There are 2 protein chains.
Amino acid sequence: MNEGNTNNLGRIIKQQRITLPLTLQELTAKSGVSSSHLGRIERGERFPSAHVLRKIAGPLGFEEDELLILAGYLSSQPHRIAEESLGYGSGRIDPYVAKVLAQEPVEVQRSVIGILSILKSISKSATKEYSTT
Amino acid sequence: MNEGNTNNLGRIIKQQRITLPLTLQELTAKSGVSSSHLGRIERGERFPSAHVLRKIAGPLGFEEDELLILAGYLSSQPHRIAEESLGYGSGRIDPYVAKVLAQEPVEVQRSVIGILSILKSISKSATKEYSTT
DNA sequence: ATTATAATTTGCCAAATGGCGAATGTCAAG
DNA sequence: CTTGACATTCGCCATTTGGCAAATTATAAT
């Protein structure tokens with residue numbers, strides 16, 4: 001879990017807190033993370049979850065992702081999507097389909113995809129049955 | 001811990017794994033995360049740490065941060081993959097949805113839209129019934 | 001149908017996270 | 001020096017994560 005032993009994260013957090021300045025208890029009040037936990041984080045005895053990092057980032061004046069990057073949870077360089085699996089199929093979305101779908105909330109879009117995958121698996125097993133009869 | 005009860009993350013991961021296709025064990029081999037853990041994540045029994053998410057993102061063909069965002073660890077705007085929650089008419093297609101759909105032939109894409117519209121009309125009449133109570 | 005083989009799920013457990021309250025440390029005022 | 005008010009650290013422990021191995025379920029093959 002600990003990657004590299006130098007506890008960069010803890011020192012950075014502590015320094016920022018001191019500079020502001022804030023006490024652990026004040027930071028607790030603003031972030032909702034217990035002061036004991038914060039203290040242990042600062043001196044490298046605990047490795048905070050992404051959740052906790054996000055809670056304290058704001059009160060410390062960090063960008064929300066900044067601490068995640070410093071903690072090594074997030075790689076700073078942007079990656080492009082790997083399209084290894086795009087071998088078959090048209091590789092693009094029909095414009096009409098795109099237009100209709102774009103009008104739906106994202107969660108509906110996702111549900112649609114879910115239904116599609118169910119139908120595909122059904123049709124696969126159905127095909128198999130017929131072919132062996 | 002669990003934010004929102006719908007286990008989007010698990011479904012997305014599972015679906016992507018199936019689509020590739022990969023077995024849990026193969027994904028284990030590529031990611032170094034045990035298959036039992038992966039299984040539990042897919043069905044929402046475990047909430048993966050950012051660390052684990054980063055390990056499996058690559059083998060699944062996701063951008064490294066993409067899963068973190070989907071998991072709600074990251075609300076960031078660098079790529080702003082998912083600003084769902086914005087309810088209606090996002091006006092755009094979720095990149096993940098686009099990716100999956102683009103793998104299908106156009107006629108399948110159109111069929112999907114057709115099914116969607118049927119479901120919408122069904123749900124509309126159902127809603128009407130409720131509202132008159 | 002039966003067996004073999006691969007894939008998924010479950011039971012169990014070690015290790016880590018993170019909170020609460022007590023103990024300890026720090027420092028200014030008397 | 002002593003007291004009192006804060007700040008920090010420690011002890012303890014409930015909860016979770018995540019791995020290993022056994023059990024179960026699905027998939028082929030004969």
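Below, chains carry the letters A, B, ... as their sequence lines are ordered, and counting in each starts from 1. Small disclaimer: the values here were computed from a predicted structure and weren't measured.
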Per [X] side chain, nearest of listed nucleotides [options]:
X	options	result
A/Ser34	C/dT17, C/dG19, C/dT10	C/dG19
A/Glu45	D/dG19, C/dG18, D/dC10	D/dC10
B/His37	C/dT9, C/dG18, D/dG19	D/dG19
B/Ser49	D/dG18, D/dG11, C/dT17	D/dG18
B/Leu24	D/dT9, C/dT9, C/dT17	C/dT9

To the nearest Å, how far apart are [X] [atom1] and [N] [atom2]?
X	N	atom1	atom2	result
A/Arg40	C/dA16	CZ	P	14 Å
A/Leu27	D/dT9	CG	P	13 Å
A/Glu42	D/dC10	CD	P	13 Å
A/Gln25	C/dA22	CD	C1'	14 Å
A/Leu38	D/dA7	CG	P	14 Å
A/Phe47	D/dT17	CZ	P	18 Å
B/Glu26	C/dA7	CD	P	6 Å

A side-chain contact here means heavy atoms from C-beta on lying under 4.5 Å apart; do A/Leu9 and A/Pro48 qualify?
yes
Say you draw a straight line from [atom1] of [X] to [atom2] of [Y]; how long is it, rounded to the nearest 0.5 Å?
X	Y	atom1	atom2	result
A/Leu53	A/Phe47	CG	CZ	9.0 Å
B/His37	B/Ile56	NE2	CD1	8.5 Å
A/His51	A/Leu68	NE2	CG	11.0 Å

Where along residues 13-23 of chain A does a heavy atom fall under 4.0 Å from DNA chain D?
A/Arg17, A/Thr23
Are OP1 or OP2 of C/dT10 and a side-chain N or O of B/Arg43 less than 4.0 angstrom apart?
yes
State whether A/Ser36 places a side-chain N or O below 4.0 Å from either non-bridging phosphate oxygen (OP1 or OP2) of C/dC20.
no
Taking A/Leu20 as the starting point, is it possible to reach A/Ile13 by hopping between hydrophobic residues whose side chains are less than 4.5 Å apart?
yes
So, under a plain 3.5 Å distance rule, would you say the side chain of B/Arg46 forms a donor-acceptor pair with the base of D/dG19?
no
Taking all heavy atoms of A/Leu38 and all of A/Val33, pick out the closest pair and write down the distance.
CD1-O, 3.5 Å
Any donor-acceptor N/O pair, B/Glu42 side chain to B/Gly10 backbone, under 3.5 Å
no
